[in-house]
Amino acid sequence: MIHLEQLILREIRLPLVEPFQISSGTTPDRRIMLVEAIDKSGAVGWGECVAGEAPNYSPETIDVALLMIPQQVAPRVLGRDFAHPRDVRAALDENFRGHNMSKAAVEMALWALGAEMNGISLSKMLGGTREKIPTGISLGIQKDPETIAAKAKAAHDQGYQKIKVKIKPGKDLEYIRAVCEAVGPDGHVMADANNAYTLDDLDTMKTLDEFGLIMIEQPLAWDDVVQHAKLQRELKTPICLDESITGRAQARDMIELGSGRIVNIKAGRVGGLSESVAIHDLCQEHNVPVWCGGMLESGIGRAHNVALASLPNFSLPGDVSPSARYWAQDIVSPEWTMDATGHVAVPHDKPGLGVEVDRARVERLSVRTESITKRSLEH
Ligand code: OSB
Ligand code: MG
């Protein structure tokens, strides 16, 4: 039984080793909110809020999450007993629309706490079976095709099993052509447009369709499933939805309408791990493969992603690249690493997240800290 005594929110600043550019904006450094959930026994579980600095991926931002968690999320969970972390989702959803990333940050901390208290790995707690996760890299938009091709080749040589290339109009066909040539026929290449196209760009999409990509991620509007269905009917390449799938209901709509054939699951985007598992299960019933997306997480969010990606229908490589791809130094030990065959090991024999949070470093990196208890909420 979990009895949630306290939540501690911390905002840390973590500089990326290189700025990350997608069609809708550039992230030079991450502002990351960490959530520490503390049980009355003193046991601790960590979560991470993936809301961005700007609302260019989803309407949520870290500044809004810093208001939503104390005002709306915390009162629904503090001082409460939860027999199992799967019960947290219902408490957060009742008459509370949206704000999935705020909900997820807390829900995921409670999953980590539950696993810790049960002495089993988060992977086992979620029903994971995989011992290692095939890993992909997500490459941001670069200044020219030569630069992206060199990065893709280096990643392929390092063992990455999937090379995702961010595209936007004008930085698409030549970039993808250069990458496909650089990695050769055994490379698995995909494109992620982050909503940069409309059905007016059908010619570009049809040309893209000829490269044999493993999928094209979210080409059309961030909240659309109808236009994507029209586009999918015109393409051989599977469409993978990311932004549009904000919950199980949207995954159901995608399947019913044929808006895509693959789902990128990000626990933050869908409101947490319970909803992620529900989407995983639904997709499995319909033979729709899923994979775990990333949001440039620190080692804490990455631990959650690795655990989630260990479920059986996560059959495509996840964006769970090792710590060094993002950070000069991560905030967990050991840091996340990838072997030469492009796999990240699931720490399935360690309780909870399976990594230690470097508290001293988190304290040093924190620019704000807020403790929330049931008592503090009453004042
Ligand atoms: O669309 O998948 C995306 C990062 C920020 C916002 C959106 C996306 C991404 C990534 C990063 O692709 C993947 C990673 O964490 O390695
Ligand atoms: Mg994406």
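Numbers for residues simply follow the sequence, beginning at 1. Indexing begins at 1, ligand by ligand and atom by atom, following the structure's order.
Residue Lys164 places at least one N or O, backbone or side chain, under 3.5 Å from an N or O of ligand 1. Ligand 1 has no nitrogen or oxygen under 3.5 angstrom from a nitrogen or oxygen of Glu297. Any N or O atom pair closer than 3.5 Å counts here, and Asp192 shares at least one such pair with ligand 1. Looking at ligand 1, you won't find any N or O of Asn264 less than 3.5 Å from one of its N or O atoms.
Below 4.0 Å from some heavy atom of Asn194 lie the following atoms of ligand 1, by number and element: 1 (O), 3 (C). The contact set between ligand 1 and Asp242, taken as ligand atoms under 4.0 Å from a residue heavy atom, comprises 1 (O), 2 (O), 3 (C). Contact atoms of ligand 1 toward Lys266: 1 (O), 2 (O), 3 (C), 7 (C), 8 (C) (distance under 4.0 Å to a heavy atom of the residue). Below 4.0 Å from some heavy atom of Lys166 lie the following atoms of ligand 1, by number and element: 1 (O), 2 (O), 3 (C), 8 (C), 9 (C), 10 (C), 12 (O).
For Glu217, the heavy-atom gap to ligand 1 drops under 4.0 angstrom. Assignment of Arg325 to the shell around ligand 1 is not supported, since no heavy atom sits closer than 4.0 Å.
Thr237 and Asp209 are linked by a side-chain donor-acceptor pair at a separation below 3.5 angstrom, with hydrogens and angles left out of the test. Between the side chains of Asp63 and Thr61, no donor-acceptor pair is found at a separation under 3.5 Å.
The residues Asp330 and Arg361 are annotated as not salt-bridged, no charged nitrogen and carboxylate oxygen being separated by less than 4.0 angstrom. Using a cut-off of 4.0 Å between Lys/Arg side-chain N and Asp/Glu carboxylate O, Glu18 and Lys151 are scored as salt-bridged. With respect to Glu5 and Lys40, no salt bridge is recorded, no charged nitrogen being found less than 4.0 Å from a carboxylate O. Classification of Asp242 and Lys266 as a salt-bridged pair holds, one side-chain N sitting under 4.0 Å from a carboxylate O. Remark: Asp281 does not engage Arg248 in a salt bridge, criterion side-chain N to carboxylate O under 4.0 Å.
Within 6.0 Å of CD on Gln72 lie more than 12 heavy atoms contributed by other residues, nucleotides or ligands. Summarising the local packing, CZ of Arg325 is surrounded by more than 12 heavy atoms from other residues, nucleotides or ligands at distances under 6.0 Å.
Nearest non-hydrogen protein atom to atom 7 (C) of ligand 1 is Tyr57 CD1, 3.5 Å. Nearest to atom 5 (C) of ligand 1 among the protein's heavy atoms is Met295 SD, 4.0 Å. Of the protein's non-hydrogen atoms, the one nearest atom 4 (C) of ligand 1 is Phe20 CE2, 3.6 Å. Atom 16 (O) of ligand 1 has Tyr326 OH, 2.6 Å as its closest protein atom, hydrogens excluded (heavy atom only). Of the protein's non-hydrogen atoms, the one nearest atom 9 (C) of ligand 1 is Gly294 O, 3.6 Å. When hydrogens are left out, the protein atom nearest atom 12 (O) of ligand 1 is Ser138 OG, 2.9 Å; that is the closest non-hydrogen contact. In this structure, the protein non-hydrogen atom closest to atom 15 (O) of ligand 1 is Leu296 N, 2.9 Å.
Taking the six-membered ring where the residue is Trp, Phe314 and His280 present parallel rings, their angle staying beneath 30° rather than reaching 60°.
When the Mg ion (ligand 2) is compared with the N/O/S atoms of Asp192, atom OD2 turns out nearest.
Taking all atoms of both residues into account, the shortest heavy-atom contact from Val362 to Leu34 is CG1-CD1, 3.9 Å.
Side-chain atoms of Asp253 never come within 3.5 Å of backbone atoms of Leu257 as a donor-acceptor pair (strictly under, hydrogens ignored).
Here the Mg ion (ligand 2) is the vertex; the OD2 atom in Asp242 and the OE2 atom in Glu217 give an angle of 90° (to 10°).
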